Amino acid sequence: MKVWISSKEKKPMGLDQSPNARHSLQSRIPKNCHHWTLTRSEFPAVASSSKTAVNRRPNPRRPPTAYCCREISRLAPPNSPPDPASLVVAIPDSQTRPGARTLEEIQKKVTMGLVDSSGDLSGEMEVDAFRRLFPLRYYERHLAESIRPDGRTLGMARDTTLALGAVSSADGSALTKIGSTTMLAAIKMEVMTPSAESPDEGCIAIEFHMPPICSPIVRPGRPAEAAVVESKRLSDTILRTIWLVFCSSGMINLKELALVSGKAAWMAYLDIYCLDADGALFDAALLSAVAAFSHLQIPVVSLNDKGKIVAFTEEGDTVGKLEKEAVNKEKRKLTLGNIPFSLTCALHKKHILADPSSEEESIMETLVTVVMDSSDRLVSFYKPGGALAYTSLVTDCVRLTRQRMKELEKILDEAFSGMEVD
Amino acid sequence: MMMETDRKDGRTPNQPRMLSCSRNILHRAHGSASWSRGETKVLAAVYGPKAGTKKNEDPEKACIEVIWKPKTGQIGKAEKECEMIMKKTIQSICLLTVNPNTTTSVVVQVVNDDGALLPCAINAACAALVDAGIPMKHLAVAICCCVAEEGSVVLDPTKLEEQQMRGFAYLVFPNSALSALPKGSSLVDGEPLEHGIITSVTHGVMSVDEYLRCVGRGRAACAKLSDVLRRSLQKSE
């Protein structure tokens with residue numbers, strides 16, 4: 001749906017447009033629409049059906065679509081009763097989902113409910129417009145029926161897919177999609193000299209990138225001191241949390257990354273790229289990092305004459321090369337300990353929404369991220385501010401995370417077995 | 001059955017360190033406070049409300065900006081994460097609709113870090129906000145609980161203890177409401193208002209039961225702490 005805002009035409013009286021609305025992208029519409037005060041005359045259909053009828057006719061010379069949503073221009077002309085059947089928008093493609101029929105009914109209820117309840121722009125507002133202008137009320141109407149606008153129940157996460165080996169030049173990689181949120185993780189291995197305090201331990205360096213492709217609020221370049229973009233903070237937090245989760249959950253034993261004690265060890269560079277930010281970024285990032293490590297194939301190396309580790313190349317002629325042997329022919333894959341899985345939940349007045357999309361995250365202020373590992377231990381319970389969470393809520397979130405963990409383990413196993421068949 | 005882990009400084013597991021809190025120490029800041037727990041000391045200053053919000057922030061509400069200054073070194077990812085946690089915590093306790101389209105800056109300076117730094121900073125920031133007169137729903141009281149190897153819960157660890165323990169949790173609870181309300185009226189789900197968790201950040205691995213035990217201990221400690229805080233704030237009025 002496009003909202004067409006024209007800044008060149010003369011504004012009629014009564015229309016108060018905030019300066020921010022001129023730069024509108026889809027994401028800014030819900031907040032700034034509070035600044036729009038449309039008079040009755042701009043809504044030709046509203047003038048006919050509202051109880052407090054205003055005696056102003058719309059100006060026939062000025063097109064009524066100038067400052068309204070395009071959909072409203074398709075509405076019935078004045079003085080004719082609104083046709084309810086034409087107002088129900090197409091249901092999102094969720095016919096196969098379990099709640100499809102109830103979703104249609106709810107959408108109908110939402111539209112019908114607008115006729116009598118909200119007194120301001122009621123009557124002929126379509127569902128999409130209501131969703132943009134009053135997002136919280138739109139969501140609350142759905143939550144009252146224990147369903148979400150995309151057809152999911154409150155505890156259901158979005159469809160998750162996992163593709164291993166997405167980057168062929170990397171030693172291990174994975175592409176994860178949770179709903180629309182897409183994360184690409186890739187690992188490259190390099191040989192380095194280990195530090196003196198831990199001569200037989202390798203190292204992992206994690207970088208999390210949010211390039212501007214992922215979201216309209218992310219801009220390229222260094223954010224200026226005065227205006228640090230929220231996404232930079234978010235990416236720093238995700239990075240640190242993933243690092244801490246890997247360290248504390250004991251998923252990776254750094255001693256496995258050692259090659260020659262004191263002289264050579266592996267350095268694993270893990271890069272996670274967010275390709276589409278649509279809510280629950282940490283879940284997708286952690287899942288893709290875990291999958292990339294499971295897919296990792298440590299390259300075979302050998303010691304050359306100077307005592308340096310080089311890549312092992314199998315060459316045709318064996319003259320003079322018989323003594324070179326692979327240093328780590330057997331250990332090609334990491335043995336992973338307890339694998340951590342996470343679930344982000346949004347809390348809103350007693351409702352817990354599992355795996356929120358970015359629209360839900362922006363409306364609901366309280367987010368909780370629970371990370372548990374496969375031996376049922378709590379790796380992290382992260383709740384930065386927001387509404388108060390009581391013990392029942394804590395246990396509910398943990399229960400939802402356990403459910404999600406089972407689903408994710410199955411998906412990871414399936415992706416693995418699919419890969420091994422090849 | 002609970003083993004009394006004897007701590008290096010001779011405290012019992014339930015005993016937090018010496019607390020000292022003072023307000024109005026900086027004269028140019030609109031509000032300031034210093035909070036120290038044993039060796040950990042944090043200084044917080046509040047400037048605001050100033051006109052205008054930052055970019056990308058909602059102009060219908062007041063905006064909170066947190067600047068975290070470490071004791072040494074450059075500002076890195078850890079500081080940015082602490083800033084974000086503090087910002088979200090303060091946003092949930094302040095009344096943001098009273099002064100829309102304004103920015104309140106909270107500057108936190110770490111004077112010494114000896115364990116439980118983030119809870120100390122949150123307590124200092126709260127006291128500084130009270131000193132500046134920023135409208136708030138209730139205060140936030142923060143504590144650090146850690147889980148020892150054998151599963152017992154220890155309060156307010158030093159830096160050395162934090163590194164040796166299996167895991168620790170920073171917990172922030174709301175200040176208890178005055179008992180002017182009749183008992184039972186402020187119950188939500190059968191739990192009083194001060195049992196809700198505002199913020200929780202955990203490091204290290206622990207079982208779910210251990211985490212819930214930490215929360216229970218933290219609540220009790222915070223109830224005592226909020227009484228001390230209220231008395232000290234009323235005294236210095």
Side-chain angles (χ1 to χ4, degrees), chain A residues 18 20 28 31-32 34-35 208 217 223-224 226-241 243-245 247-250 338 340 350 365-368 370-373 375-395 398-399 401-402, chain B residues 54-61 64-65 67 76-93 122 137-138 140 147 166-167 169 171-174 188-212 214-216 219:
Chain A
S18 89
N20 288 335
R28 292 177 63 85
K31 289 181 187 161
N32 289 319
H34 298 310
H35 299 278
F208 179 76
I217 51 173
V228 177
V229 182
E230 188 66 36
S231 65
K232 173 102 184 18
R233 300 238 172 119
L234 180 65
S235 63
D236 290 344
T237 311
I238 289 181
L239 188 68
R240 264 182 59 86
T241 318
W243 169 242
L244 288 167
V245 162
C247 289
S248 53
S249 69
N338 295 310
K350 312 272 187 77
E365 296 148 357
T366 315
L367 295 172
V368 177
V370 183
V371 183
M372 294 190 72
D373 68 3
S375 61
D376 209 35
R377 295 180 304 171
L378 185 72
V379 177
S380 163
F381 189 92
Y382 183 73
K383 177 184 183 292
L388 299 175
Y390 296 95
T391 321
S392 54
L393 222 115
V394 172
T395 38
V398 168
R399 181 180 47 87
T401 311
R402 283 200 181 108
Chain B
K54 294 165 66 180
K55 204 170 143 181
N56 288 337
E57 295 274 354
D58 188 2
E60 301 226 338
K61 295 190 178 161
I64 310 276
E65 176 197 21
I67 300 167
K77 300 198 160 95
E79 286 76 34
K80 293 278 182 224
E81 188 192 348
C82 290
E83 282 180 12
M84 190 159 110
I85 297 173
M86 281 195 65
K87 175 182 161 155
K88 295 215 167 139
T89 308
I90 295 175
Q91 267 177 339
S92 51
I93 59 171
I122 292 178
K137 292 179 220 167
H138 47 70
V147 177
R166 183 144 54 97
L171 297 164
V172 182
F173 295 98
V188 180
D189 278 351
E191 286 185 86
L193 194 70
E194 53 266 21
H195 280 200
I197 307 173
I198 302 179
T199 296
S200 149
V201 179
T202 67
H203 291 258
V205 197
M206 56 183 89
S207 75
V208 181
D209 295 322
E210 284 166 357
Y211 176 71
L212 290 172
C214 277
V215 170
R219 264 188 208 136

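Quick caveat, the model's predicted, so the values are computed rather than measured. Proteins get letters first, then strands, A, B, ... in listed order; numbering begins at 1 in each.
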Which bit of [X] comes within less than 4.5 Å of chain A, counting heavy atoms only: side chain, backbone, both or neither?
{"X": "B:Lys137", "value": "neither"}
{"X": "B:Leu212", "value": "side chain"}
{"X": "B:Ala78", "value": "both"}
{"X": "B:Val201", "value": "both"}

Determine the minimum heavy-atom distance between [X] and [Y], stating which atoms define it.
{"X": "A:Met372", "Y": "B:Val208", "result": "CE-CG2, 3.9 Å"}
{"X": "A:Lys383", "Y": "B:Ile198", "result": "NZ-O, 2.7 Å"}
{"X": "B:Thr202", "Y": "A:Ser380", "result": "OG1-CA, 3.0 Å"}

Margin query: As an exercise, state the distance from CD of B:Glu81 to OH of A:Tyr382, rounded to the nearest 0.5 Å.
Written below: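 Reported to 0.5 Å precision, the distance equals 5.0 Å.
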Check: Could you state the interatomic distance from NE2 (B:His138) to CG (A:Leu388), rounded to the nearest 0.5 Å?
Finding: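 The distance works out to 5.0 Å.
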Next item on the list: Give a yes or no answer on whether the side chain of B:Ser92 reaches the backbone of A:Gly385 with a donor-acceptor pair at less than 3.5 Å.
Entry: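 Side chain of B:Ser92 to backbone of A:Gly385, a donor-acceptor pair under 3.5 Å: no, none is there.
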Item checked: Residues, nucleotides or ligands: over 12 heavy atoms within 6.0 Å of B:Glu79 CD ->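 More than 12 heavy atoms, drawn from other residues, nucleotides or ligands, come within 6.0 Å of this atom.
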Next item on the list: Decide yes or no on side-chain contact (heavy atoms from CB on, under 4.5 Å) for B:Val215 and A:Val394, but give the supporting numbers first.
Entry: CA-CA 10 Å; B:Val215 170; A:Val394 172; over 6 Å; no
Next item on the list: Quick one: do A:Val398 and B:Tyr211 satisfy side-chain contact (heavy atoms from CB on, under 4.5 Å)? Show the steps, please.
Entry: CA-CA 11 Å; A:Val398 168; B:Tyr211 176 71; over 6 Å; no
Notebook entry, point to check: So which part of A:Ser375 gets closer than 4.5 Å to some heavy atom of chain B, the side chain, the backbone, both or neither?
Noted result: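 When you check distances to chain B, no heavy atom of A:Ser375 falls under 4.5 Å.
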